[in-house]
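Below is one structure, written out as structure tokens, with a few remarks after it.
Note that the structure is a prediction, hence the values are computed from the model and not measured.
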Amino acid sequence: MSGLETYRAAACAFLDAMVPKYGREARTGNSVEQDLALGRAYMAAKYDAGFAGINWPVEVGGQGLTHLHKITFDAEEMQRGMPVQFFGISLGMPVPILMHYCEDKAFVKERVTKALRGEEIWCQMFSEPSGGSDLAALRTRVEPDGNGWKMNGQKIWTSWAQYCDYGVIVTRSDPTVEKHKGLTYFWIDMRAKGVEVRPIKLAGGDSHVNEVFFDDVRIEDSQRLGAVGGGFGVSLHTLMIERYIATDSGGFGPHLDEFVKLAGEVDLNGAPALRDGRVRSAIARNHAMRAGLDSITKRAFLMMQAGMQPGPEGSLQKLVAVRSRQRLSELAMDLKGNAGLAFDPHAFVKTDWGTSWLNAPTGRIAGGSDEVLLNTIAEKILGLPQDHRPDKGIPFNQIPA
């Protein structure tokens, strides 16, 4: 047995022991607050067992292992439905960026430990109402204020901000230069005076995303991460720092076996739906698609084992998988007929077709919209030229609002 497989076996043993208390069935019917409390307890147990910060340096509280060890653990954890959704962004991007750029290492180690144990949560504030997927179009402004800064503006779609203690944010510090050059990056205290969080209720009934408003928020210069005007580079680093994550060819929706089971249980034109050629074709297409995506993931995994960097083909994963999940969930609801309209606000995306369908559009926007991923595929994989940019080379304050 290889070292990685030995590690997988140890991870599975730990996770299987945790399932009765923290797994998907144990969480059924929980309110968000109950699930968060359960998640904090699970994170503490995971930290104590040595499965937190798997690929982070030992000196800041991590385990000092490889990205492959992290992917291995995350893939097993995801299958068991542990309550980790509150901490994914926190540990995936803001905290690693703090580790890289913050010069106060004692502060960093304290934040890392508390984040790994689930005691503190971080959010990432990039998107704005008028910017869409264009990060460099942001308008949240910082101005010099004594030996620090004063911030005003608004961010939107900030996941779990209502429960966060800290956050990272990119702001516009100089509107007189090109939009990519006048940005500066900070960490902020989400409880600071002038910060207001307003949850947004989504179609699925949950409110895990928020608007965040800033009214003369004071920021010390020691909270700056990176150089003044270097915020766009730090932002790209944020988006790339956790490139190695566990993927799901099913788009984080129900397993294909669940659809096959449903098709065998419901009737279509007086016979089991599984006998219908159109249904069987949909199953075959999904099986082929998922097998293809799994092959891409396996190839990336082998490249990493060989010390190589995976390519941009990973962009295909989210684009294809979530689109397919949405279509398959819609077909499952159609097969169920009137029963497909029943809505359970406590159902899980990976086990309920209605919840999967209702939340799929959010998945097609979050973490890179379909359009952004299509551009990445066109430019990085197919080698097509970039789109025309009429704002290139123009100072931000001269771009029509």
Side-chain angles (χ1 to χ4, degrees), residues 8 12 15-16 19-20 22-30 35 74-85 202-206 246-299 316-366 370 373:
R8 185 189 300 276
C12 288
L15 289 166
D16 287 342
V19 164
Y22 302 107
R24 187 174 289 114
E25 289 188 10
R27 297 168 53 202
T28 300
N30 278 356
D35 218 29
D74 288 352
E76 297 294 339
E77 183 181 63
M78 180 173 61
Q79 292 179 23
R80 292 162 174 81
M82 299 302 195
V84 295
Q85 69 273 24
L202 299 176
D206 61 315
T247 57
D248 180 7
S249 59
F252 301 96
H255 195 277
L256 186 57
D257 288 349
E258 294 297 320
F259 182 83
V260 175
K261 179 181 177 182
L262 171 67
E265 294 173 345
V266 300
D267 285 347
L268 182 63
N269 297 325
L274 193 56
R275 296 183 184 178
D276 188 272
R278 295 164 297 179
V279 174
R280 297 170 72 89
S281 177
I283 293 171
R285 287 196 305 271
N286 270 270
H287 175 75
M289 179 276 297
R290 295 184 186 207
L293 293 180
D294 287 339
S295 295
I296 292 174
T297 299
K298 183 176 181 180
R299 179 175 181 271
L316 291 166
Q317 272 281 355
K318 176 176 177 295
L319 177 70
V320 176
V322 181
R323 281 181 166 185
S324 176
R325 163 191 149 190
Q326 186 173 7
R327 289 194 295 269
L328 191 66
S329 299
E330 182 176 351
L331 178 56
M333 293 175 66
D334 286 344
L335 291 177
K336 293 175 71 174
N338 291 341
L341 299 176
F343 176 66
D344 179 1
H346 299 295
F348 293 105
V349 169
K350 289 187 69 64
T351 59
D352 184 84
W353 291 108
T355 301
S356 173
W357 174 80
L358 200 57
N359 286 277
T362 303
R364 292 178 62 176
I365 297 172
D370 284 8
L373 295 175

Drop me the distance from L331's CG to Q326's CD, to the nearest 0.5 angstrom. 13.0 Å
Determine whether K350 and T355 satisfy the following criterion, side chain to side chain contact (heavy atoms under 4.5 Å, CB included), listing intermediate values before the conclusion. CA-CA 8 Å; K350 289 187 69 64; T355 301; over 6 Å; no
Hey, is NE2 on H287 packed in by over 12 heavy atoms from elsewhere, all under 6.0 Å? no
Heavy-atom closest pair (M82 atom, R27 atom, distance to 0.1 Å) is O-NH1, 3.3 Å
Looking at every heavy atom in both D352 and A347, which two are closest together, and how far apart are they? CB-CB, 3.6 Å
Heavy atoms, side chains only, cut-off 4.5 Å: are I283 and L274 in contact? yes
Which atoms form the tightest heavy-atom contact between S249 and Q317, and what is the distance? CA-OE1, 4.1 Å
Mind listing the closest non-hydrogen atom pair of P254 and S356 along with its distance? CD-OG, 3.4 Å
As a quick check of understanding, evaluate side chain to side chain contact (heavy atoms under 4.5 Å, CB included) for R275 and N269, giving each step before the final call. CA-CA 10 Å; R275 296 183 184 178; N269 297 325; over 6 Å; no
Which heavy atom of F252 sits nearest a heavy atom of V349, and at what distance? O-CG1, 3.2 Å
Please check if the side chain of S295 supplies one atom and the backbone of A291 the other of a donor-acceptor pair under 3.5 Å. yes
Within a radius of less than 6.0 Å around CD of E25, do more than 12 heavy atoms belonging to other residues, nucleotides or ligands occur? no
Residues H255 and D257: closest non-hydrogen pair is ND1-N, 3.0 Å
Just verifying a value: how many Å separate R285 CZ and R290 CZ, rounded to the nearest 0.5 Å? 12.5 Å
Rounded distance (nearest 0.5 Å) linking atom CG of D206 with atom CD of Q85: 10.0 Å
May I have the step-by-step check of side chain to side chain donor-acceptor pair (under 3.5 Å) for T28 and R24, ending in yes or no? CA-CA 7 Å; T28 300; R24 187 174 289 114; over 6 Å; no
For the CE atom of M333 and the CG atom of N338, what is their distance to the nearest 0.5 Å? 11.0 Å
Full working for side chain to side chain contact (heavy atoms under 4.5 Å, CB included) between L262 and W353: CA-CA 10 Å; L262 171 67; W353 291 108; 4.1 Å; yes
Could you tell me the separation between the CD atom of E77 and the CG atom of L15, rounded to the nearest 0.5 Å? 6.0 Å
Assess whether side chain to side chain contact (heavy atoms under 4.5 Å, CB included) is satisfied between V84 and D74, documenting all intermediate values. CA-CA 10 Å; V84 295; D74 288 352; over 6 Å; no
Non-hydrogen side-chain atoms of Q79 and E76 separated by less than 4.5 Å: yes
Non-hydrogen side-chain atoms of F259 and N286 separated by less than 4.5 Å: no
Is a side-chain donor or acceptor of K336 paired with a backbone partner of V266 at a separation under 3.5 angstrom? no
d(M289 CE, D294 CG) to nearest 0.5 Å is 9.0 Å
Judged by atom type as modelled, is there a donor-acceptor pair below 3.5 Å linking the side chain of S324 to the main-chain atoms of V320? no
